[in-house]
Visitor: 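First the structure, then my questions, so here it is.
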Amino acid sequence: MLERCRPSSPGAGRGPVSEVVIGSDSASLRSTPQLGPGLRRGSVEEKRAQGGSRWPASILGLALGLIPFARPGDVIIGAIIGAFAIVALIRARDGRAALYAAAGFILSFAVLATLFVAIYGLRPSPYMLYSAQYGFNFAWLGWKAYVLLVEPRAWFGEGVGLLDAAPWLLLGGAGMLVAWWTPPARRPVTLAVAAAGAVYVILMLAYVDLLPTGLWRFNNVHYFKWVLPLFGLFAVRFVLDAWRRPVTLVALLPILLALTIRIDPVPVGAHQPARMVVFPAPVGAAWTPTYFATAWLTDARGEQRNSFDYHQILVGNRVRAVALRRPFAGDERWIGDDHVRAQLEGRDTGGYAPLYLTGPWPKTTIARYGARISFGLPHWFEPRETARH
């Protein structure tokens with residue numbers, strides 16, 4: 001900053017007037033009264049911006065470290081969110097926020113890992129071992145989606161699809177599709193949330209133990225406890241976007257087309273692969289003991305366990321066995337439960353045999369069904385009559 005003199009205006013009656021001249025290198029000089037406030041304000045705003053990203057990063061790290069111990073199956077969700085967060089931090093070149101996130105993750109993970117090892121040792125917990133017996137069946141993902149979301153009665157004899165109870169989920173799904181056209185500034189966060197929700201839904205649909213019967217009788221709808229609000233937010237967003245830009249309604253088209261797909265039981269021959277077999281119900285059979293029985297079923301390929309490989313459901317005077325892992329291979333024989341199994345193997349251990357286990361055992365099938373895929377109007381447009389098989 002330099003000072004030079006210029007002559008005063010004519011008639012002013014004053015001497016030369018000093019004029020301040022700002023050089024191009026003034027940014028490297030100390031603050032002046034003229035530039036100081038602006039420079040100081042810019043510095044403060046920059047510090048606030050940097051500091052403002054540290055607390056969210058810390059909280060995110062803490063949350064990601066908790067997920068493996070809260071629900072081990074949700075680790076994939078944490079991995080998706082963590083991957084998006086890493087990319088965002090790299091693009092922002094915010095190394096300090098990355099350190100805060102890493103510190104939060106290490107802290108929460110280390111604390112819970114210490115507690116876990118103190119309780120269970122260096123081995124999976126009983127809950128992990130039990131859940132692993134069920135596992136996932138991605139090969140039948142389409143069928144599971146159909147019976148859980150759309151129409152379960154033809155297979156399980158009762159219940160309603162999740163879309164019947166919450167039809168606004170259709171709008172939420174359309175909102176997730178529209179997320180790909182989010183403005184670039186918000187796209188990473190939107191896609192991270194949408195990807196986590198979509199992957200979680202796929203995992204739950206493929207989980208062997210999640211069935212339409214348990215969805216409502218035993219409130220297993222809680223599996224979707226955080227996804228339902230998420231779909232609700234995307235539904236609201238979709239409605240607002242469609243109001244501003246009606247062309248957005250096109251995102252509903254693939255979802256409505258998917259609802260025209262039907263997967264219904266169809267009778268098959270004695271040696272054809274079957275997805276459901278039917279047995280006569282024992283005298284005095286009750287729904288809950290039949291559903292949870294420690295039962296077995298044998299076929300031409302080997303043995304299957306109730307709950308883990310197939311599920312048996314009492315419907316009227318029949319017991320349906322619905323395959324969950326592989327098709328039934330023919331010559332199916334139903335063994336009531338562990339007590340009956342011991343009797344059949346000649347090692348009766350005594351004890352109490354429930355009334356519903358009235359013989360004779362083993363029982364043979366009276367009907368077998370495969371799965372047929374067809375297309376038609378969604379079931380909402382048809383009379384609601386329970387399918388009988």
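Here the structure is a predicted model, which means the values were calculated and not measured.
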Visitor: For Arg318 and Ile366: C-alpha separation, side-chain torsions, deciding distance, then whether side-chain contact (heavy atoms from CB on, under 4.5 Å) applies.
Guide: CA-CA 9 Å; Arg318 300 285 186 266; Ile366 58 176; 2.9 Å; yes
Visitor: Any ion pair linking Arg368 and Glu332 (charged N to carboxylate O, less than 4.0 Å)?
Guide: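 Result for this pair is yes, salt bridge flagged.
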Visitor: State which residues pass salt bridge (Lys or Arg N to Asp or Glu O under 4.0 Å) with Arg305; sequence neighbours excluded, sorted by chain then number.
Guide: Asp309
Visitor: Judged by atom type as modelled, is there a donor-acceptor pair below 3.5 Å linking the side chain of Lys363 to the main-chain atoms of Phe279?
Guide: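 No: the side chain of Lys363 does not pair with the backbone of Phe279.
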Visitor: Kindly indicate whether the side chain of Trp140, heavy atoms from C-beta on, has any atom under 4.5 Å from the side chain of Pro327.
Guide: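 Trp140 reaches Pro327 side chain to side chain.
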Visitor: Might you point out which heavy atoms bring Ala97 and Ala57 nearest each other, and give the distance in Å?
Guide: O-CB, 3.3 Å
Visitor: Would you please test Leu169 and Leu228 for side-chain contact (heavy atoms from CB on, under 4.5 Å) and show each step?
Guide: CA-CA 8 Å; Leu169 291 172; Leu228 293 178; 3.8 Å; yes
Visitor: What closest approach, in Å, do Arg301 and Ala329 show between heavy atoms, and which atom pair accounts for it?
Guide: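 Residues Arg301 and Ala329, closest heavy atoms: CG-CB, 3.5 Å.
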Visitor: What is the distance from atom CD1 of Ile313 to atom CG of Asn306, rounded to the nearest 0.5 Å?
Guide: 8.5 Å
Visitor: Each residue besides Leu122 in its hydrophobic cluster should be listed here, by chain and number; the cluster joins Ile, Leu, Val, Met, Phe, Trp and Tyr at side-chain heavy-atom distances under 4.5 Å.
Guide: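 Joined to Leu122, directly or through intermediates: Val117.
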Visitor: Quick one: does Trp155's side chain get under 4.5 Å of Trp143's, heavy atoms only?
Guide: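 Trp155 reaches Trp143 side chain to side chain.
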Visitor: Using 0.5 Å steps for rounding, measure from the CH2 atom of Trp287 to the CG atom of Leu314.
Guide: 9.0 Å
Visitor: Could you check whether any side-chain heavy atom of Leu259 comes within less than 4.5 Å of a side-chain heavy atom of Leu163, counting everything from C-beta outward?
Guide: yes
Visitor: Would you name the heavy atoms of Gln272 and Gly269 that are closest together and state the gap between them?
Guide: OE1-N, 2.6 Å
Visitor: Is Arg325 reaching over with its side chain to a backbone N or O of Gln304, donor-acceptor style, under 3.5 angstrom?
Guide: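 Checking the backbone N and O of Gln304 against the side chain of Arg325, no donor-acceptor pair under 3.5 Å is found.
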Visitor: Classify the angle between the aromatic ring planes of Tyr291 and His311 as parallel (below 30°), tilted (30 to 60°) or perpendicular (above 60°).
Guide: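 Plane angle under 30°, so parallel.
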Visitor: State whether a side-chain donor-acceptor pair under 3.5 Å links Trp216 with Glu158.
Guide: no
Visitor: Is the shortest heavy-atom distance from the side chain of Phe224 to the side chain of Leu162 under 4.5 Å?
Guide: yes
Visitor: Linking I/L/V/M/F/W/Y whenever their side-chain heavy atoms sit closer than 4.5 Å, directly or via other members, would Ile86 and Val75 fall into one cluster?
Guide: no
Visitor: Going from CZ on Phe238 to CG on Leu252, what distance comes out if it is rounded to the nearest 0.5 angstrom?
Guide: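 The CG atom of Leu252 is 4.0 Å from CZ of Phe238, to the nearest 0.5 Å.
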Visitor: What about the rings of Tyr207 and Phe138, do their centers lie closer together than 6.0 Å?
Guide: no
Visitor: Please work out which of the three classes, parallel, tilted or perpendicular, describes the rings of Phe328 and Tyr310, given edges at 30° and 60°.
Guide: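 If you compare the ring of Tyr310 with that of Phe328, the planes turn out perpendicular.
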Visitor: When you measure from the side chain of Gln133 to the backbone N and O of Gly135, does any donor-acceptor pair fall under 3.5 Å?
Guide: no
Visitor: So which atom in Val322 and which in Phe156 form the shortest heavy-atom distance, rounded to 0.1 Å?
Guide: CG1-CZ, 4.0 Å
Visitor: Any side-chain heavy-atom pair from Leu177 and Pro254 closer than 4.5 angstrom?
Guide: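 Yes, close enough: below the 4.5 Å cut-off.
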Visitor: Is there a path of hydrophobic side-chain contacts, each under 4.5 Å between heavy atoms of I, L, V, M, F, W or Y residues, that connects Val236 with Ile255?
Guide: no
Visitor: What I'd like to find out is whether the side chain of Thr290 reaches to under 4.5 Å of the side chain of Pro282, using heavy atoms alone.
Guide: no
Visitor: First locate atom OG1 of Thr298, then atom CG of Asp331, and finally report the distance between them rounded to the nearest 0.5 Å.
Guide: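 Those atoms lie 7.0 Å apart.
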Visitor: Are the aromatic rings of Phe69 and Phe109 close, with centres under 6.0 Å apart?
Guide: yes
Visitor: If the plane angle is over 60° it's perpendicular, under 30° parallel, otherwise tilted; pick one for Tyr200 and Trp226.
Guide: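 Tyr200 vs Trp226 ring planes: tilted.
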Visitor: I'd like to know whether Tyr146 forms a side-chain contact (heavy atoms from CB on, under 4.5 Å) with Asp264, so could you lay out the CA-CA distance, the side-chain angles of the two residues, the decisive distance to 0.1 Å, and finally the verdict.
Guide: CA-CA 10 Å; Tyr146 180 78; Asp264 298 314; 3.7 Å; yes
Visitor: Distance from Ile76 atom CD1 to Ile81 atom CD1, nearest 0.5 Å?
Guide: 11.0 Å
Visitor: Please check if the side chain of Thr260 supplies one atom and the backbone of Leu256 the other of a donor-acceptor pair under 3.5 Å.
Guide: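 Pair absent, no side-chain N/O of Thr260 close to backbone of Leu256.
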Visitor: What are the two closest heavy atoms between Leu62 and Gly104, and how far apart are they?
Guide: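 Heavy atoms of Leu62 and Gly104 come nearest at CD2-O, 3.2 Å.
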Visitor: Do the ring planes of Phe116 and Tyr120 sit parallel (below 30°), tilted (30 to 60°) or perpendicular (above 60°)?
Guide: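 Phe116 vs Tyr120 ring planes: tilted.
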Visitor: Is there a side-chain contact (heavy atoms from CB on, under 4.5 Å) between Tyr369 and Val278? Walk through the geometry before answering.
Guide: CA-CA 9 Å; Tyr369 296 89; Val278 182; 3.9 Å; yes
Visitor: Test of understanding: clusters of I, L, V, M, F, W, Y form through side-chain heavy atoms closer than 4.5 Å, transitively. Do Leu257 and Leu149 belong to the same one?
Guide: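 No; Leu149 is not reachable from Leu257 via cluster members.
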Visitor: Find out whether Glu151 and Val147 are in side-chain contact, i.e. whether some heavy atom of one side chain is under 4.5 Å from a heavy atom of the other.
Guide: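 Result no, sub-4.5 Å side-chain heavy-atom pair not found.
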Visitor: Give a yes or no on whether the backbone of Leu210 and the side-chain of Asn220 come within a donor-acceptor separation of less than 3.5 Å.
Guide: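 Judged by distance alone, no pair lies under 3.5 Å.
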Visitor: In Å, rounded to the nearest 0.5 Å, how long is the span from CH2 of Trp334 to CG of Leu297?
Guide: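 These two atoms lie 9.5 Å from each other.
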Visitor: Is it true that Arg96 and Asp94 make a salt bridge, defined as a side-chain N closer than 4.0 Å to a carboxylate O?
Guide: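 Answer for the salt bridge query: no.
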Visitor: According to a hydrophobic-cluster definition based on side-chain heavy atoms being under 4.5 Å apart (Ile, Leu, Val, Met, Phe, Trp, Tyr only), do Leu99 and Trp55 belong together?
Guide: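 No.
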Visitor: Provide the closest heavy-atom pair for Thr248 versus Asp241 in the form atom of the first, atom of the second, distance.
Guide: OG1-O, 3.8 Å
Visitor: Identify whether the distance between the nearest side-chain nitrogen and carboxylate oxygen of Arg326 and Asp299 falls below 4.0 Å.
Guide: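 Salt bridge: yes.
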Visitor: Side chain of Arg320, backbone of Met276: donor and acceptor closer than 3.5 Å?
Guide: no
Visitor: Measure the shortest side-chain to side-chain distance between Leu324 and Asn137 over non-hydrogen atoms and say whether it is less than 4.5 angstrom.
Guide: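 Counting from C-beta outward, Leu324 and Asn137 never come under 4.5 Å.
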Visitor: Are Leu233 and Met176 connected in a single hydrophobic cluster, I mean Ile/Leu/Val/Met/Phe/Trp/Tyr linked by side-chain heavy atoms less than 4.5 Å apart?
Guide: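 Per the 4.5 Å side-chain linkage, Met176 and Leu233 are not co-clustered.
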